[in-house]
Amino acid sequence: MESQNETGKAEKEAKRAWYVIHTYSGYENKVKTDLESKVHSAGMENKIFNVVVPTEDVVEETNGHRKVVKRKIFPGYVLVDMIVNPRSWYVVRNTTGVTGFVGSDNKEPIPLTDAEAQRILGSMGETEKKPVLDVEVGDSVRITSGCFENFTARVSAIDSEKGRLTVLAEMFGGVETPVELGFDEVEKI
């Protein structure tokens with residue numbers, strides 16, 4: 001009975017993170033395709049979320065012609081966004097072309113830090129750049145787009161995670177009306 005509780009507790013504590021898997025060189029795209037197929041067929045979409053071969057655009061010149069090509073940033077490595085449990089570990093580890101997780105000795109793999117993952121994915125343009133706005137509740141802002149453009153409003157709530165805020169815009173003879181906007185739709189006064 002204890003082992004079931006411990007397993008359930010470990011499952012609840014398991015955190016979604018990016019892991020690096022080592023592949024045979026040149027097999028990165030095949031591993032990505034095969035792993036995505038295995039995830040779907042094994043019904044692991046709730047544990048293995050994304051598989052990425054880190055690439056960057058590079059301009060190559062041949063015979064006086066320039067063209068943009070995708071070059072692997074880390075040949076022989078693939079990133080996997082997943083929650084590690086025995087089943088998800090098994091699915092990834094037993095995909096053809098995978099030689100193992102980076103940072104593990106057949107035990108639990110070590111995830112990338114959030115900063116490392118953001119740096120790698122950011123260099124590929126995979127992360128969303130969230131707009132930043134330096135305002136606090138009560139500050140005055142000017143609405144810069146939409147049907148309330150050029151209205152002055154007072155900030156009443158901020159949701160930094162979503163990059164949105166609620167403002168009270170004065171209209172209709174001084175009546176304050178709540179309006180939800182993105183950070184990129186206002187500027188601090």
Side-chain angles (χ1 to χ4, degrees), residues 5 7-21 32 35-36 39-40 42-59 68 70-71 73-74 77-85 87-88 91-92 103 108-189:
N5 286 341
T7 304
K9 185 178 175 185
E11 291 257 341
K12 287 180 187 173
E13 290 175 8
K15 184 181 156 209
R16 179 177 175 172
W18 284 95
Y19 295 86
V20 180
I21 55 174
K32 176 183 178 358
L35 182 53
E36 287 171 340
V39 166
H40 181 68
M44 295 293 295
E45 292 93 345
N46 62 340
K47 297 291 181 199
I48 302 172
F49 308 100
N50 201 356
V51 182
V52 175
V53 177
T55 59
E56 63 184 351
D57 289 335
V58 177
V59 177
V68 178
K70 292 220 177 274
R71 183 180 72 188
I73 298 172
F74 305 112
Y77 296 95
V78 174
L79 302 179
V80 182
D81 179 16
M82 64 186 285
I83 296 172
V84 172
N85 67 17
R87 189 163 172 237
S88 63
V91 167
V92 173
E108 189 159 324
I110 299 168
L112 291 173
T113 65
D114 288 340
E116 290 169 330
Q118 292 305 315
R119 185 178 51 79
I120 293 168
L121 296 171
S123 70
M124 295 174 50
E126 292 279 324
T127 57
E128 271 185 47
K129 300 278 192 237
K130 291 183 184 168
V132 178
L133 184 65
D134 185 25
V135 295
E136 295 178 5
V137 172
D139 286 352
S140 291
V141 294
R142 186 176 69 80
I143 301 173
T144 59
S145 65
C147 58
F148 299 106
E149 187 172 357
N150 293 323
F151 274 71
T152 301
R154 188 172 41 86
V155 177
S156 65
I158 301 171
D159 186 346
S160 297
E161 190 65 31
K162 292 183 181 176
R164 302 198 57 80
L165 65 140
T166 304
V167 298
L168 298 174
E170 240 183 69
M171 56 184 73
F172 309 121
V175 177
E176 286 187 328
T177 305
V179 180
E180 186 175 321
L181 301 164
F183 283 180
D184 58 343
E185 297 177 281
V186 298
E187 64 184 16
K188 189 175 180 177
I189 297 177

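Values reported hereafter were calculated over all heavy atoms of this structure, with side chains retained and with hydrogens, waters and symmetry mates removed.
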Could you check whether Arg142 makes a cation-pi contact with Phe151, meaning its NZ or CZ is under 6.0 Å from the centre of the six-membered ring and within 45° of the ring axis?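 Because its charged atom misses either the 6.0 Å distance or the 45° angle limit, Arg142 does not stack over Phe151.
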Can any side-chain N or O of [X] pair as donor or acceptor with the backbone N or O of [Y] at less than 3.5 Å?
X	Y	result
Lys32	Val51	yes
Ser140	Ile189	no
Thr144	Glu185	yes
Glu116	Thr113	yes

Leu121 and Trp18: CA distance, side-chain angles, deciding distance, side chain to side chain contact (heavy atoms under 4.5 Å, CB included) verdict: CA-CA 10 Å; Leu121 296 171; Trp18 284 95; 3.5 Å; yes
side-chain hydrogen bond (donor to acceptor under 3.5 Å, both in side chains): which pairs involve residues 172-181, sequence neighbours left out?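 Output for this query lists Arg154-Glu176, Arg164-Glu180.
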Check the pair Ile21, Tyr77 against side chain to side chain contact (heavy atoms under 4.5 Å, CB included), reporting the backbone distance first and the verdict last. CA-CA 6 Å; Ile21 55 174; Tyr77 296 95; over 6 Å; no
To the closest 0.5 Å, what do you measure between CZ (Arg119) and CG (Asp114)?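 Result: 13.0 Å between the selected atoms.
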Check the pair Val53 / Thr55 against side chain to side chain contact (heavy atoms under 4.5 Å, CB included), numbers first and verdict last. CA-CA 6 Å; Val53 177; Thr55 59; 4.3 Å; yes
Return yes when atom CD of Glu136 has more than 12 non-hydrogen atoms of other residues, nucleotides or ligands closer than 6.0 Å, and no otherwise.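 Open.
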Give the C-alpha distance, both sets of side-chain angles, the deciding distance and a yes or no for side chain to side chain contact (heavy atoms under 4.5 Å, CB included) between Val141 and Val135. CA-CA 8 Å; Val141 294; Val135 295; 3.9 Å; yes
Identified side chain to side chain contact (heavy atoms under 4.5 Å, CB included) partner of Tyr19 from the options Val84, Leu112, Val92: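 For Tyr19, the side chain to side chain contact (heavy atoms under 4.5 Å, CB included) check succeeds only for Val84.
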